[in-house]
Amino acid sequence: MQPARQIEVAGQQVSVEAGATCADALKLGLSGKQFKNAVLARCNDTLLDLAAPIPADCAELSAVSADTPEGLVVIRHSTAHLMAEAVKKLFPAAKVTIGPAVENGFYYDFDFERPFTPEDLEAIEAEMVRSVGADKPFACEVMTSAEARERFAAQGETYKVELIDDLAVPTVSVYTQGAFSDLCRGPHVPRTGLLKAFKLTSVAGAYWRGDEKNPQLQRIYGTAWASPKELKQYLDRLEEAKKRDHRKLGVALDLFSFHEDVGGGMVLWHPNGALVRAILEDFERKEHLKRGYQFVQGPLILKRELWEKSGHYDNYRENMYFTEIDEQAYGIKPMNCLSHMLIYKSRLKSYRDLPQRYFELGVVHRHEKSGVLHGLLRVRSFTQDDAHILCRPDQLREEIIGVIRFVRDVMDIFCFDFEAEISTRPEKSIGADEDWERATDALKDALEHMGMPYGINAGDGAFYGPKIDIKIKDALERRWQCATVQCDFTLPERFDLSYVGEDGARHRPVMLHRVILGSIERFMGVLIEHFSGAFPVWLAPTQARILTVTDAQNGHAEKVLRFLQEQGIRAEADLRNEKLGYKVREAQLDRIPYMLIVGDKEVEADGVNVRVRGGADVGFVPLVEAARIVREAAQEPFKRGGMSYSFS
RNA sequence: GCCCACGUAGCUCAGUCGGUAGAGCACUUCCUUGGUAAGGAAGAGGUCAUCGGUUCAAUUCCGAUCGUGGGCUCCA
């Protein structure tokens, strides 16, 4: 028998026997309640099962409870196992594959002869609840890969056998609860009784190992939390997010619609939505001019040979629409770069002319697969705030920094948080390795210079070059790409672009493709959700609505309306034969920033009574003051960055 | 493109186990002139997504197509 060891738990030294488990040590150092809430043990940065022996080099052990980020991941992962157990019990023919924890929950993929129905999900969930009631322990066994392989092969779990073979390691761990065993790295909660708050949410098809050439499995998604209260909060949050859904608000605020007869992924912009777009685009045009961009514009369709020359025909054809005119094949543009290249080429450039920054609000058409269309966020016809910057190699870094700064300034206006990612060379691509490397380094360098953190998305670049992607989130916290900066060393080559250098010789410029908002359609979608449809004053299609108390004030209301319109304010008057309360309610539902109420008192004093969208009552103000308030509010976001903008 | 679910009035949704449909809101007209989130009455409005099949009879059952939603794959 070896002597007892001293371990620090929650600030005190406890003495444990050799061979003691983490649970043994934690039990000695923690209160009963603290111990009961523990789902894992942590030693240094290693997470351990409570039932695991204390590592030999461990001097301090702490408990991880279910409501910590690490605890939640384990709860979710263990719930995935719990679900797999239930599925195997109800449907023994189903084969298990993988089942990880994901954001807010988990999934598990199964290979089964028929699709799971919503009724199956209910039965599976009920079986899971029974298993929780039985409070089964999760037991970990370490065995040789050969043993594990034999065991899963005997059970007919061919996917697990494949996983073991691919791992190619001497030993693996297998977790068992009740009659269900799964190949798993762990760790897990000690008992099923700790899994008290989960709900199965949906079934979906998913390809084995994410490859569409592989068999399609059935993925069951669920959400899991540390307590029923948190589960409820999450489900309530989903409900709230649904209210902000841009597709719902698009109808409610009469911004846009889709029409079956037009085709999937094609947006019809209604007057309100088209106005917001127009303001955004106007803002962008002015901002681009300030930053040294020039406006250009090309046609919607270009000869097919041009797309062959650019490489799009080889690399992007499946996403393009084609048409034929006078026996000549044309491609409808999925990108704007070709016209811009030809504009550059139309006249000899000197090194003094660079950089050339060509900006176009270009409408592009892309044949996206039918299953990916999603409201405004993924469409087949959209407008890009696109620019192509042609510069000398020595200007590349500064140009990228300029773009990143532009993105940051614009996102600040909307108070968007964003994430940056660098995507590197994909398999299907063109160009020399050293060009790719040089371009990737330039992108990294620019982000680092701006002090912006970034992730790496290996192999996700465009076929012509690496890129920086900027992502913002929708109401459900799904990330959508907006801004992107893409380096391109190949198009200038293919189109033989050049400039005359100081030395009198011809040199090759480098090109940046970049967008700031990305697609106006997508950005509008995210923007609607971001503001819950309550656009800031500068963007609101109607900035002020005049509400009369009775029709006795119609004359004054019309005078107020004319005055505001002359001041450049987007105003309208509600003169309907309705009660004030009714008009206020409608204006609130329409998210109108300013309600200007006009009754006899206001007519008398020649002004309006101002109610703001948030519900606050500003009280009586003279007409001139009312206009000033609205104009001031429209300027507010631009003051933050020392910018200015007005739509007129 | 693939898997699952869905498609009834402008919107949100009932309903028909096969016998051509209903509510609330919105809309039109009338009454009401009412001070900060819904005053009242009447009226109008639907080839039950489209096309085919089964049936005496299909909005309902079956199939295809189009579209929508949740995922997978792919992308702004």
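These numbers come from a predicted model, not from an experiment. Proteins get letters first, then strands, A, B, ... in listed order; numbering begins at 1 in each.
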**Student:** Please work out if A:Phe116 contacts a base, only the sugar-phosphate, or nothing of the nucleic acid, heavy-atom cut-off 4.0 Å.
**Tutor:**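 No contact.
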**Student:** Taking the minimum atom-to-atom distance to the side chain of A:Arg378, which one of B:C75, B:G71, B:G7 wins?
**Tutor:**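 Of B:C75, B:G71, B:G7, B:C75 is nearest to the side chain of A:Arg378.
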**Student:** Side-chain N or O of A:Arg219 versus OP1/OP2 of B:C3: is the shortest distance under 4.0 Å?
**Tutor:**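 Checking A:Arg219 against B:C3: no side-chain N or O falls below 4.0 Å of OP1 or OP2.
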**Student:** For B:U28, what is the paired nucleotide under Watson-Crick or G-U wobble rules, both distances under 3.5 Å?
**Tutor:**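 Matched B:U28 with B:A42 under the 3.5 Å cut-off.
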**Student:** Return the minimal non-hydrogen interatomic distance between A:Tyr107 and A:Ala80, and the atom names on each side.
**Tutor:**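 Minimum heavy-atom contact is O-CB, 4.0 Å.
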**Student:** Show the nearest heavy-atom pair for residues A:Leu376 and A:Ile528, with the distance to one decimal.
**Tutor:**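 It is CD1-CD1, 4.2 Å.
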**Student:** OP1 or OP2 of B:C75 sitting under 4.0 Å from any side-chain N/O of A:His367?
**Tutor:**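 Answer is no, no contact under 4.0 Å.
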**Student:** With nearest nucleotides of RNA chain B determined for A:Asp600 and A:Gly265 from heavy-atom distances, which residue corresponds to the more 5′ nucleotide?
**Tutor:**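 With A:Asp600 and A:Gly265 compared, the 5'-side residue is A:Asp600.
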**Student:** Do A:Cys482 and A:Leu517 make a side-chain contact, defined as non-hydrogen atoms from C-beta onward lying under 4.5 Å apart?
**Tutor:**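 In short, these two side chains do not touch, never coming nearer than 4.5 Å.
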**Student:** Name the nucleic acid region contacted by A:Lys248, choosing base, sugar-phosphate or nothing; use a 4.0 angstrom heavy-atom cut-off, strictly under.
**Tutor:**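 Answer is nothing: A:Lys248 stays at 4.0 Å or more from every strand.
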**Student:** Is any side-chain N or O of A:Arg380 closer than 4.0 Å to OP1 or OP2 of B:C75?
**Tutor:**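 Looking at the OP1 and OP2 atoms of B:C75, neither is under 4.0 Å from any side-chain N or O of A:Arg380.
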**Student:** Starting from the 5' end of RNA chain B, give me the residue, A:Glu578 or A:Leu376, whose nearest nucleotide shows up first.
**Tutor:**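 By nearest-heavy-atom nucleotide position, the 5'-most residue is A:Glu578.
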**Student:** Quick check, does A:Phe382 stack with B:A76? I mean ring centres under 5.5 Å and planes off by under 30°.
**Tutor:**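 Given the distance and angle limits, yes, they stack.
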**Student:** Report which part of the nucleic acid A:Gly375 touches: base, sugar-phosphate, or nothing (heavy-atom distance under 4.0 Å, all strands).
**Tutor:**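 Result for A:Gly375 = sugar-phosphate.
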**Student:** What heavy-atom pair brings A:Met411 and A:Ile516 nearest, and what distance separates the two atoms?
**Tutor:**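 Scanning both residues completely, I find the closest heavy atoms to be CE-O, 3.8 Å.
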**Student:** Per the atom types in the model, does the base of B:G71 pair as donor or acceptor with the side chain of A:Tyr207 at under 3.5 Å?
**Tutor:**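 Between B:G71 and A:Tyr207, which were checked side chain against base, a qualifying N/O pair under 3.5 Å is absent.
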**Student:** Can you say whether a donor on the side chain of A:Gln218 sits under 3.5 Å from an acceptor on the base of B:G71, or the other way round?
**Tutor:**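 No pair found.
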**Student:** Nearest to the side chain of A:Gln588 - B:G34, B:U33, B:A37?
**Tutor:**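 Looking only at heavy atoms from C-beta outward on A:Gln588, the closest nucleotide is B:A37.
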**Student:** Going by ring pair (Phe, Tyr, Trp, His ring centres under 6.0 Å), name the residues that satisfy it together with A:Tyr159, two or more places apart in sequence or in a different chain.
**Tutor:**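 Result, ring pair (Phe, Tyr, Trp, His ring centres under 6.0 Å) vs A:Tyr159: A:Trp208.
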**Student:** Evaluate the ring planes of A:Phe414 and A:Phe416, with Trp represented by its six-membered ring, and classify them as parallel (under 30°), tilted (30 to 60°) or perpendicular (over 60°).
**Tutor:**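 Taking A:Phe416 first and then A:Phe414, their aromatic rings sit tilted (interplane angle of 30° to 60°).
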**Student:** Each nucleotide N or O in nucleotides 43-45 of chain B that has a protein N or O under 3.5 Å away: list the pair and distance.
**Tutor:**
none

**Student:** Which is true for A:Gly581 with a 4.0 Å heavy-atom rule: it touches a base, it touches only sugar-phosphate, or it touches nothing?
**Tutor:**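 Sugar-phosphate only.
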**Student:** Give one of base, sugar-phosphate or nothing for A:Val515, where a contact means two heavy atoms less than 4.0 Å apart.
**Tutor:**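 Counting heavy atoms under 4.0 Å across all strands, no contact is made by A:Val515.
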**Student:** Report yes if at least one side-chain N or O of A:Tyr582 is closer than 4.0 Å to OP1 or OP2 of B:C25; otherwise report no.
**Tutor:**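 No, because none of the side-chain N or O atoms of A:Tyr582 sits under 4.0 Å from OP1 or OP2 of B:C25.
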**Student:** Which part of the nucleic acid, if any, lies within contact of A:Gly518, taking any heavy atom under 4.0 Å across all strands shown: a base, the sugar-phosphate backbone alone, or nothing?
**Tutor:**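 Since no nucleic acid heavy atom lies under 4.0 Å of A:Gly518, the category is nothing.
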**Student:** Checking the side chain of A:Gln588 only, and the main-chain atoms of A:Arg613 only, is there a donor and an acceptor separated by less than 3.5 Å?
**Tutor:**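 Indeed, once roles are kept as given, a pair shorter than 3.5 Å links the two residues.
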**Student:** Hey, does A:Asp460 reach any base, or is it just sugar-phosphate, or nothing, if we go heavy atoms under 4.0 Å?
**Tutor:**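 Sugar-phosphate only.
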**Student:** Can a donor-acceptor pair under 3.5 Å be found between the side-chain atoms of A:Glu368 and the base atoms of B:A76?
**Tutor:**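 When only heavy-atom distances are counted, A:Glu368 does reach the base of B:A76 through a donor-acceptor pair under 3.5 Å.
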**Student:** I'd like to know if the side chain of A:His530 and the backbone of A:Val526 have a donor-acceptor N/O pair within less than 3.5 Å.
**Tutor:**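 Between the backbone of A:Val526 and the side chain of A:His530 there is no qualifying donor-acceptor contact (under 3.5 Å).
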**Student:** Pick base, sugar-phosphate or nothing for A:Gly264, based on heavy-atom distances below 4.0 Å to the nucleic acid.
**Tutor:**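 The residue A:Gly264 makes sugar-phosphate contact but no base contact.
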**Student:** At under 4.0 Å, does any side-chain N or O of A:Gln481 touch on OP1 or OP2 of B:A76?
**Tutor:**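 Yes.
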**Student:** Considering only B:A76, B:C11, B:G71, which nucleotide approaches the side chain of A:Arg522 most closely?
**Tutor:**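 Of all the options, the side chain of A:Arg522 is nearest to B:A76.
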